Chemist: 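Let me give you the structure first, and then I'll get to my questions.
Being a predicted model, the structure only gives us computed values, none of them experimental.
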Amino acid sequence: MAKYLVRKTISWLVVIFLATNLAYLLAATFLDPRSNYVGRRPPLSSEQIADILTPLNLNPDASLAHRWWIWIKGIFLRWDWGASPVGDAVNDQIGPRMLVSAQLLLLATLLSVVMGVAVGVYTASRQYQRGDRLWQGTSIILMNTHVVVASLVVVSAGLWVNKVTGLRIFYVTGASSPDVVGFFPRLLNAGQHLLLPTIALVAISYAGYHMMQRSLLLDNISADYVRTARAKGLTRNQAVRRHALRTSIIPVATSVAFSIPGIFTGAVMTEQIFAWNGMGQYFIQTISRNDVHGATAVAAFSALMVGISAVLSDFFVVILDPRVRVS
């Protein structure tokens, strides 16, 4: 299994490398850093703008191949992701922001999968019963709810709980409070900040896993091996959990990685609403500034999250499917 996962990790590292380079070429082609200096008072000449952008490796007049080579060489030799058109180092921006967004994305993905699978098993085991219809209706509504609407509802609910209890249970803005000291107080404070945005992302993300798991499980419940297990004395719920679920959860596990871009898109707006200084907020900033290096760093982060999720999903597939272990 270790060799299998190593091969998968290497293949995803290659994909991340290619995706990041493609993102740079597209950003360098279509984003114009010179627009940051248009309309200045007093106005800057083209030569003055070029003198500012050339040391930052952002001058569009230089050849694309030359700019790409300087950029990729800086990453490999110094782990330097370049600078923005106004001179800010990208490394200083993405370091703390990556940690903020990673904890939000990975936790939301994990909880979405766990909740979606659990609800899928529950509803499939009670097909067309009241619980099944109630959960299906809820999931359909949430699947068609925009993340902004879900976030605003969650914020209102959090503020209402704080008001009713008279306690600061939920924090609406920011990823942490700077004045908290001590490991456990900081951990608790981070959890209080993390709850509301995570709930908003999970609310719009779990429904897809629920519907997929329910459909797959219903196909496997009537399979011969499940009927054989029941004939040997297992109850219906035991046969579902021990046999049908093991087979039907494999496609769900393989789809986890490809749901990350959708969750990241939701996180872009969620971070704006909850005032999180994460990669989502930085993404909007880079586009508004025509920041080639910053936009590429965001694309690399998104590709990295997809790669991590893909390797984790492959790991769970290896555990769940004996055929993969044998091969």
Chemist: For Met211 and Ile140, which heavy atoms make the closest approach, and how far apart are they?
Modeler: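 Nearest heavy atoms, Met211 then Ile140: CE-CG1, 3.5 Å.
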Chemist: Got a donor-acceptor contact below 3.5 angstrom from the Arg133 side chain to the Tyr128 backbone?
Modeler: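 Side chain of Arg133 to backbone of Tyr128: a pair is present.
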Chemist: Identify the heavy atoms of Leu217 and Ser248 that sit nearest to each other, and give their distance.
Modeler: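 Nearest pair, atom of Leu217 first, then Ser248: CD1-OG, 3.3 Å.
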Chemist: Measure across Trp81 and Asn91 and return the closest heavy-atom pair with its distance rounded to 0.1 Å.
Modeler: N-OD1, 3.0 Å
Chemist: Mark yes when over 12 heavy atoms from residues, nucleotides or ligands other than Phe274 sit less than 6.0 Å from its CZ; otherwise mark no.
Modeler: yes
Chemist: Side chain to side chain contact (heavy atoms under 4.5 Å, CB included) with Ile169: which of Leu195, Asn162, Val164?
Modeler: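 Running side chain to side chain contact (heavy atoms under 4.5 Å, CB included) over Leu195, Asn162, Val164 with Ile169 returns exactly one hit, Asn162.
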Chemist: Would you name the heavy atoms of Arg214 and Thr123 that are closest together and state the gap between them?
Modeler: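 In terms of heavy atoms, the two residues are closest at CD-OG1, 3.5 Å.
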Chemist: With no hydrogens and no angle check, is any side-chain donor or acceptor of Asn290 less than 3.5 Å from a backbone partner on Asp32?
Modeler: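 Yes; at least one donor-acceptor contact below 3.5 Å.
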Chemist: Is any NZ, NE, NH1 or NH2 atom of the basic residue among Arg34 and Asp61 found under 4.0 Å from an Asp or Glu carboxylate oxygen of the other?
Modeler: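 The answer is yes: the pair qualifies as a salt bridge.
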Chemist: Please report the C-alpha distance between Asp80 and Trp71 in whole Å, then the side-chain angles of each, then the deciding distance to 0.1 Å, and finally whether the side chain to side chain donor-acceptor pair (under 3.5 Å) criterion is met.
Modeler: CA-CA 8 Å; Asp80 181 7; Trp71 170 78; over 6 Å; no
Chemist: Does a side chain donor of either Ser139 or His210 reach within less than 3.5 Å of an acceptor in the other side chain?
Modeler: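 Yes - a donor-acceptor pair under 3.5 Å links their side chains.
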Chemist: Does any donor atom in the side chain of Asn189 or Ser177 lie under 3.5 Å from an acceptor atom in the other side chain?
Modeler: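 There is such a pair (donor and acceptor under 3.5 Å, judged by atom type) between the side chains of Asn189 and Ser177.
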Chemist: When you check the gap from the basic side-chain N to the acidic O, do Arg289 and Asp88 get nearer than 4.0 Å?
Modeler: yes
Chemist: Verify the distance criterion only: is there a donor paired with an acceptor across the side chains of Ser84 and Asp291 at less than 3.5 Å?
Modeler: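 There is no such pair between these side chains.
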Chemist: Which pair of non-hydrogen atoms, one from Thr270 and one from Leu201, has the smallest distance, and what is that distance?
Modeler: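 Result for this residue pair: OG1-CD2, 3.5 Å.
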Chemist: Decide salt bridge (Lys or Arg N to Asp or Glu O under 4.0 Å) for Arg7 and Asp314; before the verdict, give the C-alpha distance in whole Å, the side-chain angles of both, and the deciding distance to 0.1 Å.
Modeler: CA-CA 11 Å; Arg7 289 199 303 269; Asp314 287 335; over 6 Å; no
